[in-house]
Amino acid sequence: MRLSRDRPLGLAPATAWDYRELARRRLPRQLFDYIDGGAYEETTMRSNVADLERLLLRQVVLKDVSVREQATEVLGQRMSMPVILAPVGLCGMFAKRAEAQAARAAAAAGIPFVESTVSICGIEEVAAASPAAPWFQLYVMRDRGYAEELMARASAVGSPVLVLTIDLAVVGARHRDTRNGIEGESSAMTRVRRGLDLISHPRWVRDVGIGGKPLTFGNLEKAVPDASTPDAFKEWVDAQFDPSVTWDDIAWVREHWDGRLVVKGVLDPQDARRAVDAGVDGIVVSNHGGRQLDAVPSTARALPDVVDAVAGEAEVLVDGGVRSGLDVVKMLALGARAVLLGRAWAWAVAAQGETGVRRMLDTVSADIDVALALTGNTSVGDLDRGALYAPGAGSVPASTA
Ligand SMILES: Cc1cc2nc3c(=O)[nH]c(=O)nc-3n(C[C@H](O)[C@H](O)[C@H](O)COP(=O)(O)O)c2cc1C
């Protein structure tokens, strides 16, 4: 059990779970649940974390690990560690202009920030706020002209990588959102309760409700002019998310995007091969943080088969349940080239803004360093499945022992 789930925090947050607890105290319930929750019974969301917890590292001692290297290259970009801030929609509702704050923290840490299509701050605002151009995440919409316009906007601010999210053909049910009245029908009483939830968090009201304006969707201003209610957003999602998209549409994306192209939301090895055949540069093994189809495998379980299927023909990234640098090392050992953090940074920005994200990333980097040293490795590039403990696998035959 994580300390912050059971006991009050001490003076300073030490882990992603501590930021979660701070975010829980600070945010209106509906927003905290929106970040924290998953689809249906949340089985997949929990197993993302649990399967990583169950994976064990292999401790190897008395090797010279005095010089250790976390810097790496992912999709043509140098980064200080193999960590990327995943696209998180509506983030500007968690803290004032939160996408801009997080992008600055990512740039300071030397890693990429991925701007979600459904962000509060538009791509231009995020690019202007940070010395490094953000990567851009795109949902394919029925209005292809609008999607083309978004790719042009991302390109104009110098985004080097387009992350095309492909696991949202339809939207999985998130029961917490329904209970909180931000999904489904909302009666007048639900709207009143939602309003009371917001105003009973005065710090949030000051920071976001007043200081964070305008609370519109910066990338979708023309498509969703009224972003003041969840209903308007939901109507847009229902009308625009396109379940008819196929692998053939990758060619259309390629026509409009000159940079690197990554598809996010692959779990199946055959899909991974299709992605390679469609000519993508990278694949993110992801189940959307357990927010789409429940009862699918955790990403830690799905990753090795995808890595084997891709056979080095594209870069394989992964997200889901990663809460620490030790988790990052485990995912690298399973074959990922880099790891995206979702909730970990959403909680940190909600709790302490840019400073929270910076501190959380410092901790992740420090964890990676220790895990490298104590698994007997000196570089993230050296990590392979041998860094994981497998009962019996490293045992010395009795005759030579
Ligand atoms: C609050 C929230 C909003 C998200 N919004 C998006 C989004 O707009 N686009 C997208 O591709 N993924 C989105 N995701 C999924 C993340 O990019 C990522 O796949 C997931 O959070 C990884 O799991 P983790 O949160 O356990 O780290 C969102 C996740 C959360 C928690």
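Atoms within each ligand, like the ligands themselves, are counted from 1 in listed order.
- When ring centroids are compared, Trp236 and Phe217 stay outside the 6.0 Å threshold.
- No more than 12 heavy atoms of other residues, nucleotides or ligands shown are found within 6.0 angstrom of CZ on Arg203.
- By the 4.0 Å N-to-carboxylate-O rule, Arg174 lies too far from Asp33 to be salt-bridged with it.
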Enumerate, one pair per line, all nitrogen or oxygen atoms of ligand 1 lying under 3.5 Å from a protein nitrogen or oxygen, stating the separation to 0.1 Å; write 'none' if no such pair exists.
unit_1	atom_1	unit_2	atom_2	d
ligand 1	5 (N)	Gly89	N	2.8
ligand 1	8 (O)	Gly89	N	3.3
ligand 1	8 (O)	Ser116	OG	2.7
ligand 1	8 (O)	Tyr139	OH	3.3
ligand 1	9 (N)	Gln137	OE1	3.2
ligand 1	9 (N)	Tyr139	OH	2.8
ligand 1	11 (O)	Thr165	OG1	2.7
ligand 1	11 (O)	Lys264	NZ	3.0
ligand 1	12 (N)	Pro87	O	3.4
ligand 1	12 (N)	Lys264	NZ	2.9
ligand 1	12 (N)	His288	NE2	3.4
ligand 1	14 (N)	Pro87	O	3.3
ligand 1	17 (O)	Pro87	O	2.7
ligand 1	17 (O)	Lys264	NZ	3.0
ligand 1	19 (O)	Lys264	NZ	3.1
ligand 1	19 (O)	Ser286	OG	3.4
ligand 1	19 (O)	Asp319	OD1	3.4
ligand 1	19 (O)	Asp319	OD2	2.6
ligand 1	25 (O)	Arg343	N	2.8
ligand 1	25 (O)	Arg343	NH1	3.0
ligand 1	26 (O)	Gly321	N	2.8
ligand 1	26 (O)	Arg323	NH1	3.1
ligand 1	26 (O)	Arg323	NH2	3.0
ligand 1	26 (O)	Arg343	NH1	3.2
ligand 1	27 (O)	Arg323	NH1	3.3
ligand 1	27 (O)	Gly342	N	3.1

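- For Asp308 and Arg385, the salt-bridge test passes: some basic side-chain N is under 4.0 Å from an acidic carboxylate O.
- Checked for salt-bridge contact, Asp277 and Arg274 miss the test: no charged N lies under 4.0 Å from a carboxylate O.
- Sorted by first and then second residue, the salt bridge (charged side-chain N to carboxylate O under 4.0 Å, His left out) pairs with a member in residues 97-116 read Arg97-Glu125, Arg104-Glu354; sequence neighbours excluded.
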